[in-house]
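As a basis for the values below, the full set of heavy atoms in this structure was taken, side chains included, without hydrogen atoms, waters or symmetry mates. For clarity, every value in this text was computed on a predicted model and none was experimentally measured.
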Amino acid sequence: INQFLKSEADYAPLITRLTIAIVMWPHGAQLLLGWFDGFGFEATMNYFTSTAGLPWVVGLMVILIQFFGAVFIATGTLTRFWALAMFIIGVGMIFSGHKEHGFFMNWFGNQQGEGYEFHLLLLGLCASLLISGSGKWGVDRLILKGTRKLSSL
């Protein structure tokens, strides 16, 4: 568990964490709560299971990871776990609905859907956190300090 929580007190992972959270939490809020012009939980689950053909547990995990995972990443709590979960979701999004539309997002409305460039950025940010850990002001560092104090008793 020490290797899982270990992180240097660097600012770069903090910036990476906050970037992921600022971008992904509103997406999660769209899916879960219907905020920011989203459809909310019931309609999103219906889309995931009926239109996209995903198993309900996968749809549920996508919603929960985007919403709660972004919060945990923002606070630096179990950062590597949530970054891995977000990374897996990013790969899933690329292969389940964006790869066929090419690389670029649909900036000019001339494609049938969105490309995967946004998701690739998410993958890079999450991979960075998998390597670095939470960085400065992360709860992971506090947890690790606490486990070290307990183990020295």
* Where the side chain of R17 meets the backbone of S134, is there a donor-acceptor pair that is under 3.5 Å apart? -> yes

* Asked: What distance separates L122 CG from Q66 CD, expressed to the nearest 0.5 Å?
  ->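 With rounding to 0.5 Å, CG (L122) is 8.5 Å from CD (Q66).
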
* To do: Take the angle between the ring planes of Y116 and F103 and call it parallel below 30°, perpendicular above 60°, tilted in between.
  =>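 Perpendicular, since the angle between the ring planes exceeds 60°.
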
* Asked: Which word best sums up how the rings of Y11 and W137 line up, parallel for under 30°, tilted for 30 to 60°, or perpendicular for over 60°?
  ->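 Taking W137 first and then Y11, their aromatic rings stand perpendicular (interplane angle over 60°).
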
* With sequence neighbours excluded, what pairs up with N106 under the side chain to side chain donor-acceptor pair (under 3.5 Å) test? ->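 If we apply the side chain to side chain donor-acceptor pair (under 3.5 Å) test to N106, skipping adjacent residues, there are no hits.
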
* **Set of residues satisfying side chain to side chain donor-acceptor pair (under 3.5 Å) with respect to S50, sequence neighbours excluded** =>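 With neighbours one apart ignored, the set is N46.
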
Would you say [atom1] of [X] has more than 12 non-hydrogen atoms from neighbouring residues, nucleotides or ligands within 6.0 angstrom?
X    : atom1 : answer
E117 : CD    : yes
F36  : CZ    : yes
N110 : CG    : yes
Y47  : OH    : no

* Go through the structure and list residues passing ring pair (Phe, Tyr, Trp, His ring centres under 6.0 Å) with F72, not counting sequence neighbours. =>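 Result, ring pair (Phe, Tyr, Trp, His ring centres under 6.0 Å) vs F72: W82.
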
* To do: Kindly work out whether a path of hydrophobic side-chain contacts (I/L/V/M/F/W/Y, heavy atoms less than 4.5 Å apart) joins I65 to F118.
  => yes

* Do L130 and I94 share a hydrophobic cluster, counting only Ile, Leu, Val, Met, Phe, Trp and Tyr and linking them when any side-chain heavy atoms are less than 4.5 Å apart? ->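 No.
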
* Asked: Is it true that the side chains of S7 and D140 contain a donor and an acceptor less than 3.5 Å apart?
  ->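 D140 and S7 do not have a side-chain donor-acceptor pair below 3.5 Å.
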
